[in-house]
Amino acid sequence: MDATTITVTGAGGQIGYALLFRIAAGDMLGADRPVRLRLLEIPQGLKAAEGAALELQDCAFPLLQSVEITDDAATAFDGANIAMLVGARPRTAGMERADLLAANAGIFGPQGAALNAHAADDIRVVVVGNPANTNALIAAAAAPDIPGDRFAALTRLDHDRAVGQLSAALGAASAGIQNVTIWGNHSATQFPDVSHATVDGRPVPDALAERFGGADAAASWLDDEFVPRVAKRGAEIIAVRGSSSAASAANAAIAHVRDSVLGTGAGWTSAAVLSHGEYGVAEGVYSSFPVTSDGGGYRIVDGLEIDARARARIDASVAELLAERDAVRELGVI
Ligand code: NAD
Ligand code: LMR
């Protein structure tokens, strides 16, 4: 099988360190597909990336054909089949939201342009660096020759967090939980939706009603505990761990790419993909949806019923995405 070229940006950071070894081991594309790694860093991050590359060599992974490290985006994306955009500018003390968007526009705009000019024709891009949805919008806008549906932002971590919370609440194995959906932005406004989910083939709302002693108690648990716990889990991890999620984020990024390339199988997953107006989500934003893939990239699941509670929550998260888009437009970035 031909080797796949995978570019990881921010490869010297903590998610990068949790990601590279698993890609090289075959966890992402399968045990039969050789990989070439390209690591893009800023000059200050090159040493950390070089250290990871030394360790990759020491693992002697049979699938790993090469590792190249660079601080030049054109070199990093040359012939890339998969780009995982992890490196981003974090929010620092005193930084306003507009400053954060502007700083990241300065990263994701040029990287989108470099992808447009240099990536392979089959390029697929997943944006991990925050604010992930709007960074995906910025990168896609700078890459007019790459179809917008080749870009996505990571909400698989939120999806897996929701499955983890349901698994704990119901005392059920995560493998038996299907068709959870994350809607909207990878932020505290996201809506983790279990209304179509099943546990061992049974509707999750029924299982929760049994667990909590009635439909009203289950609805209260969903509104007061489950939704905020999942939506604010990133902040909880930062508070407890002292830095943001790394191994779980890398695991989710691997699962996102794996399911896009190898297919989702039964049920659906969640990813922030380009809206064409599905489910009343404003066209043109990268919003999280229920998605499936047959190996050819993510498609939005259609025909799901959206109740009034879900409608209000989806609209609120999409309003935040539109506000981010407006802020970026005001900056003249898109
Ligand atoms: P980190 O600070 O440990 O690493 C980031 C790396 O990116 C650094 O090595 C830095 O040098 C590099 N970098 C910065 N600008 C770059 C650029 N222009 N080009 C290439 N590399 C660049 O951070 P981390 O913990 O690895 O997290 C990375 C990002 O992922 C953050 O924005 C974080 O908020 C985000 N994140 C997203 C999710 C999600 O589910 N979408 C989950 C966790 C973290
Ligand atoms: C997460 O969901 O863990 C991260 O997006 C949190 C963050 O701010 O880096």
Side-chain angles (χ1 to χ4, degrees), residues 7-20 38-53 69-77 83-92 95 97 100-115 125-136 138-139 142 151-162 164 182 184-190 192 228-257 269-272 286 288:
T7 304
V8 177
T9 76
Q14 55 160 358
I15 294 177
Y17 194 71
L19 192 57
L20 299 174
R38 297 266 181 72
L39 315 186
L40 178 66
E41 260 294 348
I42 49 176
Q44 309 85 289
L46 284 173
K47 275 282 166 213
E50 282 167 22
I69 304 157
T70 179
D71 61 0
D72 175 52
T75 307
F77 293 125
M84 305 177 80
L85 307 187
V86 178
R89 172 76 162 78
R91 189 193 289 265
T92 42
M95 208 175 183
R97 196 180 62 149
L100 182 73
L101 289 167
N104 280 293
I107 294 174
F108 288 86
Q111 289 185 358
L115 280 161
V125 184
V126 58
V127 177
V128 178
N130 282 319
N133 301 52
T134 297
N135 288 341
I138 293 165
F151 288 81
L154 188 74
T155 54
R156 180 61 175 264
L157 178 55
D158 310 290
H159 180 99
D160 290 346
R161 285 168 170 166
I182 303 295
N185 201 359
H186 173 67
S187 76
T189 68
Q190 67 178 261
R229 189 88 193 266
V230 173
K232 295 178 186 165
R233 185 67 156 188
E236 182 182 351
I237 300 291
I238 292 171
V240 174
R241 208 175 91 84
S243 57
S244 67
S245 59
S248 56
N251 182 64
I254 282 175
H256 171 106
V257 173
T269 185
S270 302
Y286 283 80
S288 190

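Whatever order the structure lists ligands and atoms in, that order sets their numbers, starting from 1.
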message: Taking 4.0 Å as the limit for heavy-atom contacts, which would you say applies to R233 with ligand 2: side chain only, backbone only, both, or neither?
response: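 Neither part.
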message: Tell me the contacting part of R161 for ligand 2: side chain, backbone, both, or neither, using a 4.0 Å heavy-atom threshold, strictly below.
response: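 R161 to ligand 2: side-chain contact only, backbone stays beyond 4.0 Å.
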Give, for atom [atom1] of [X] and atom [atom2] of [Y], the distance between the pair rounded to the nearest 0.5 Å.
X	Y	atom1	atom2	value
I254	N251	CD1	CG	6.5 Å
R38	I69	CZ	CD1	12.0 Å
R156	S248	CZ	OG	12.5 Å

Should the proximity of [X] to ligand 1, defined as any heavy atom under 4.0 Å, be assigned to the side chain, the backbone, both, or neither?
X	result
V128	both
I15	both
S244	side chain
V86	both

- prompt: Can you find a protein heavy atom under 4.0 Å from atom 2 (O) of ligand 1?
  reply: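 Looking at atom 2 (O) of ligand 1, one finds that no protein heavy atom lies closer than 4.0 Å.
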For [atom], the protein heavy atom that lies nearest, with its residue and separation:
atom	result
atom 21 (N) of ligand 1	G10 N, 3.2 Å
atom 8 (C) of ligand 1	E41 OE2, 3.5 Å
atom 7 (C) of ligand 2	N130 ND2, 3.6 Å

Within-shell test, [X] vs ligand 1, heavy atom, strictly < 4.0 Å:
X	answer
A48	no
Q111	yes
Q44	no

message: With the threshold set at under 4.0 angstrom, would you say I237 reaches ligand 2 through any of its heavy atoms?
response: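 Checking ligand 2 against I237, which is what was asked, there is no heavy-atom contact under 4.0 Å.
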message: Within ligand 1, which atoms have a heavy atom of S245 less than 4.0 Å away?
response: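 In order of numbering, the contacting atoms are 42 (C), 43 (C).
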message: So, regarding D158 and ligand 2 (criterion: nitrogen or oxygen to nitrogen or oxygen, under 3.5 Å), is there a contact or not?
response: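 Checking ligand 2 against D158, no N or O pair falls under 3.5 Å apart.
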